[in-house]
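So that the names make sense, note that chain A is the first sequence line, chain B the second, and so on, each numbered from 1.
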Amino acid sequence: MKANLSLLVGQAVEAAFAAGHLRSAGLPPIELETPKIATHGDFSTNIAMNLAASQKRSPREIARIIIDHIVDSDHLLSKTEVAGPGFINFFIAWDKWYKVLKRVHDEGNAYGTSQIGIGNRVQVEFVSANPTGPLHVGHGRCAAVGETLAAILKAAGYEVEKEYYVNDSGRQIRTLGESVFVRYRQHIGKTLDMPADGYQGSYIKDLARILFDQEGKSLLDMPEEEAITLCAKFAAGNILAEIQEDLMAFGVSFDNWFSEQSLYDSGAVDSVIKVCQNQKFIYEQGGALWFRTTDFGDEKDRVVVRTNGLTTYFASDIAYHKDKFERNFDRIIDIWGADHHGYVRRVSASIQALGCNGDRFQVLLVQLVNLLREGKPVTMSTRAGEFVTLRELIGEVGRDAARFLFLLRHYESSLDFDLELAKKQSNENPVYYVQYVHARICNILRKAAERGYKDIDSNADYLELLNLPEEIQLIKLMARYPEVVATSARMMEPHRIPFYMKELAAAFHAYYHDRNKHKVVSDDAKLSAARLYLVSAIRIIIRNGLDIMGVSAPESM
RNA sequence: GCCCCCGUAGCUCAGUGGAUAGAGCAAAGGAUUCCUAAUCCUUGUGCCGCAAGUUCGAUUCUUGCCGGGGGCACCA
């Protein structure tokens, strides 16, 4: 619809150029928007205003000329007008909207997909939480954003690979090992204290107990280093398995789990450090090796190898991102918690230093989640071991509510998540509002089947009976869905999907509610067929949208 | 001090440089013999934080300031 109109406008401008009615110039991109106000038409373009400078005429005059050159052989338009400072407003002929319904049904699950990313490989890396403790609600938000962004990009035609980077090496893992070893010895009856930087959570005790059940007291006979390494491996492996379970329960999956340790095992970290040293991006000072990130806009250089000989996480991150680029993605998207923002500049510095195209790399910083209960903040502190885990969250409010509410805000805004609100079955909770549309339509289709209506969701006859303004309104809204998905992909903004879903849901509920005026299943078989075709198209879009968000579409509620 | 995010209705937030800035909640009133009331309808609300700049046009882009949140390490 929009594409056709865009074509008409382009042809009209070219025709005006050819006829000499407009001074020949480059054709600016044709922007068609859906005006906020219905009286401004179904679509509107500002092309005359954009041409004004090069034409040296008033936008309204140019708009008039463009309209005069429009050749609408298919009678797509019922009215075209010049408005305001020079907008051209287009009114689509009513009967043309029925094609949208047909398209929704024909495309089914594929309605909303597009080709804008075709031929492009994108990697999305997200969550990547250290296997030193359970996932908390902040990770949940990153998981929802990452998984949904990946789904949106796929719908837009991109080839998407989802990756989780496992920090299974380094200082934190060692601390984890030490913490478990302390609890292990305590479990046996030794009195000793947890070091200040140890992990305090009760899950450490659980791991120590399981370890004891498996290994008995044998760890006491080993050299301490060996015992700690064993504890670390055991704990990280167990925690990672739990993380994987949580993510699966949350409907989040990955194509690739990339181990940090593997970068050390393969020598990739050492080799990238050597390369950078040769190219003078890494220098030695005070016994440590520093990366010259200031050459690329960082405020200070960063340590890669400490005086004690240990590498920092930055060292393996350099090797990791080099590896990503070697895998030939057209775009590499990292989704990090906002608390890592200080890291962005140094990683992109290392990417540029290695000669990779930094334009292909992008970091999305997901802001924090403030967990509330009836408006009051729930305090969380990983250190002290007091936090609400993703598992607890899903257990309390359910996967659907959690996914939906995590996506409802722009990821760049911090999010207030109220546990009580998430459980409410009322107007305040948008999750059920949208799901209820699906359940209601399913029920209508069941009722129709009981009445003996055949082919209830595939009968495209009698569509011209859908002539009420609210019915056309619904169809117009449905026509916008593919554009919403495409825009979400282009802007990398998942929140646009739930916002659209709410809008479509509101329009449907209003339509549904006025049963006297437009009951779907009635004695009028033709009208019923047309309306069933309408509502089942809505169902398709609701289902597709919820599917992208990872939220279920219940048949009854 | 430096960096990132936010500042839009009483609250929570949408708003891809365009026309008269929108939703939900909250407040008040109403709707159910009906395809599920987890629903709908009606009623009000705005120095779009402030000030300059760019532009034919700025809530949107730039800069500065003010306010809120977060981050700064040979931690991650």
Heavy atoms from C-beta onward define the side chain here; which of [options] lies closest to that of [X]?
{"X": "A/Glu412", "options": "B/U39, B/C5, B/A19", "answer": "B/C5"}
{"X": "A/Arg306", "options": "B/U39, B/A38, B/C75", "answer": "B/C75"}
{"X": "A/His495", "options": "B/C3, B/G71, B/G15", "answer": "B/G15"}
{"X": "A/Phe87", "options": "B/G18, B/C35, B/U39", "answer": "B/G18"}
{"X": "A/His509", "options": "B/A14, B/C2, B/U39", "answer": "B/U39"}
{"X": "A/Leu368", "options": "B/A38, B/G70, B/C40", "answer": "B/G70"}
{"X": "A/Lys300", "options": "B/A73, B/C3, B/C74", "answer": "B/C74"}
{"X": "A/Lys519", "options": "B/C35, B/G70, B/G15", "answer": "B/C35"}
{"X": "A/Gln367", "options": "B/A14, B/C5, B/U39", "answer": "B/C5"}
{"X": "A/Arg302", "options": "B/A19, B/A73, B/A14", "answer": "B/A73"}

Checklist entry - After noting the C-alpha distance and the side-chain angles of A/Glu299 and A/Arg345, does the key distance pass the salt bridge (Lys or Arg N to Asp or Glu O under 4.0 Å) rule? => result CA-CA 9 Å; A/Glu299 52 193 28; A/Arg345 201 156 276 172; 5.7 Å; no
Please work out if [X] contacts a base, only the sugar-phosphate, or nothing of the nucleic acid, heavy-atom cut-off 4.0 Å.
{"X": "A/Thr312", "value": "sugar-phosphate"}
{"X": "A/His518", "value": "base"}
{"X": "A/Gly86", "value": "nothing"}
{"X": "A/Ala288", "value": "base"}
{"X": "A/Ala83", "value": "base"}
{"X": "A/Ala448", "value": "nothing"}

Gap in Å between the two [atom1] atoms, one belonging to [N] and one to [M], rounded:
{"N": "B/C48", "M": "B/G7", "atom1": "C1'", "value": "10 Å"}
{"N": "B/C35", "M": "B/C40", "atom1": "C1'", "value": "15 Å"}
{"N": "B/C47", "M": "B/A51", "atom1": "P", "value": "13 Å"}
{"N": "B/G70", "M": "B/A23", "atom1": "P", "value": "33 Å"}
{"N": "B/G22", "M": "B/U45", "atom1": "C1'", "value": "13 Å"}
{"N": "B/U43", "M": "B/A38", "atom1": "C1'", "value": "25 Å"}
{"N": "B/U32", "M": "B/U39", "atom1": "C1'", "value": "10 Å"}
{"N": "B/U12", "M": "B/G69", "atom1": "P", "value": "14 Å"}

Checklist entry - Do we count A/Tyr512 as stacking onto B/C35 if the rule is ring centres under 5.5 Å and planes under 30°? => result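 It does: the ring sits over the base of B/C35.
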Next on the checklist: If stacking means aromatic ring centre less than 5.5 angstrom from the base's six-membered ring centre, planes under 30°, is A/Tyr313 stacked on B/A76?
Outcome noted: no
Protein and nucleotides 20-25 of chain B: nitrogen or oxygen contacts under 3.5 angstrom:
residue : atom : partner  : partner atom : Å
B/C25   : OP1  : A/Asn427 : ND2          : 3.1

Next on the checklist: Tell me whether A/Glu163 is salt-bridged to A/Lys324, with the criterion being a basic N under 4.0 Å from an acidic carboxylate O.
Outcome noted: no
Item to check | N-O pairing of A/Glu178 and A/Arg174 below 4.0 Å | outcome: yes
May I have the distance from [X] (atom [atom1]) to [N] (atom [atom2]), rounded to whole angstrom?
{"X": "A/Lys424", "N": "B/U12", "atom1": "NZ", "atom2": "C1'", "value": "13 Å"}
{"X": "A/Arg171", "N": "B/A73", "atom1": "CZ", "atom2": "P", "value": "17 Å"}
{"X": "A/Asn370", "N": "B/G70", "atom1": "CG", "atom2": "P", "value": "9 Å"}
{"X": "A/Phe508", "N": "B/A37", "atom1": "CZ", "atom2": "P", "value": "11 Å"}
{"X": "A/Gln172", "N": "B/A76", "atom1": "CD", "atom2": "P", "value": "7 Å"}
{"X": "A/Glu33", "N": "B/G15", "atom1": "CD", "atom2": "P", "value": "15 Å"}

Checklist entry - Does A/Asn89 make a side-chain donor-acceptor contact with the base of B/A19, cut-off 3.5 Å? => result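 Result: at least one qualifying N/O pair found.
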Next on the checklist: Between the base of B/C6 and the side chain of A/Ser413, is one N or O donor paired with an acceptor at under 3.5 angstrom?
Outcome noted: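 Side chain to base: no pair present.
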Checklist entry - Are side-chain heavy atoms of A/Val397 and A/Phe417 found at a separation under 4.5 Å? => result yes
Indicate whether the side chain of [X] and that of [Y] have a donor and an acceptor atom separated by less than 3.5 Å.
{"X": "A/Ser488", "Y": "A/Tyr500", "answer": "no"}
{"X": "A/Glu470", "Y": "A/His518", "answer": "yes"}
{"X": "A/Gln261", "Y": "A/Ser169", "answer": "yes"}
{"X": "A/Asp298", "Y": "A/Thr293", "answer": "yes"}
{"X": "A/Asp301", "Y": "A/Tyr283", "answer": "yes"}
{"X": "A/Gln172", "Y": "A/Asn167", "answer": "no"}

Got a list of protein N/O to nucleotides 54-57 of chain B N/O distances below 3.5 Å?
none

Any [X] side-chain nitrogen or oxygen under 4.0 Å from OP1 or OP2 of [N]:
{"X": "A/Tyr433", "N": "B/C40", "result": "yes"}
{"X": "A/Arg440", "N": "B/A38", "result": "no"}
{"X": "A/Arg531", "N": "B/C35", "result": "no"}
{"X": "A/Thr45", "N": "B/G18", "result": "no"}

Next on the checklist: Using a 6.0 Å cut-off, check whether atom CG of A/Asn308 has over 12 heavy atoms from anything other than its own residue.
Outcome noted: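 Correct, the count exceeds 12.
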Next on the checklist: Would you say that more than 12 heavy atoms from the other residues, nucleotides or ligands in this model lie under 6.0 Å from the NZ of A/Lys423, or not?
Outcome noted: yes
Next on the checklist: Using a 3.5 Å distance criterion without hydrogens, assess whether the side chain of A/Ser262 forms a donor-acceptor pair with backbone atoms of A/Ser259.
Outcome noted: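 Yes, because the side chain of A/Ser262 sits within donor-acceptor range (under 3.5 Å) of the backbone of A/Ser259.
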Item to check | Most 5' of A/Asp301 and A/Tyr432 on RNA chain B, judged by nearest nucleotide | outcome: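 Per heavy-atom nearest nucleotide, the more 5' residue is A/Tyr432.
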Next on the checklist: Nearest heavy atom decides the nucleotide; on that basis, is A/Glu493 or A/Lys447 closer to the 5' end of RNA chain B?
Outcome noted: A/Glu493
Item to check | Proximity of A/His321 and A/Phe361 rings by center, below 6.0 Å | outcome: yes
Checklist entry - salt bridge (Lys or Arg N to Asp or Glu O under 4.0 Å) between A/Asp523 and A/Arg451: does it pass, once the steps are laid out? => result CA-CA 9 Å; A/Asp523 294 332; A/Arg451 293 276 296 258; 2.7 Å; yes
Checklist entry - For RNA chain B, what are the stems built from at least three Watson-Crick or G-U pairs in a row, each pair having both distances below 3.5 Å? => result B:1-7 with B:66-72, B:10-13 with B:22-25, B:27-31 with B:39-43, B:49-53 with B:61-65
Item to check | Geometric class of the A/Tyr511/A/Phe508 ring pair [parallel <30°, tilted 30-60°, perpendicular >60°] | outcome: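 Geometry flag for A/Tyr511 against A/Phe508: tilted rings.
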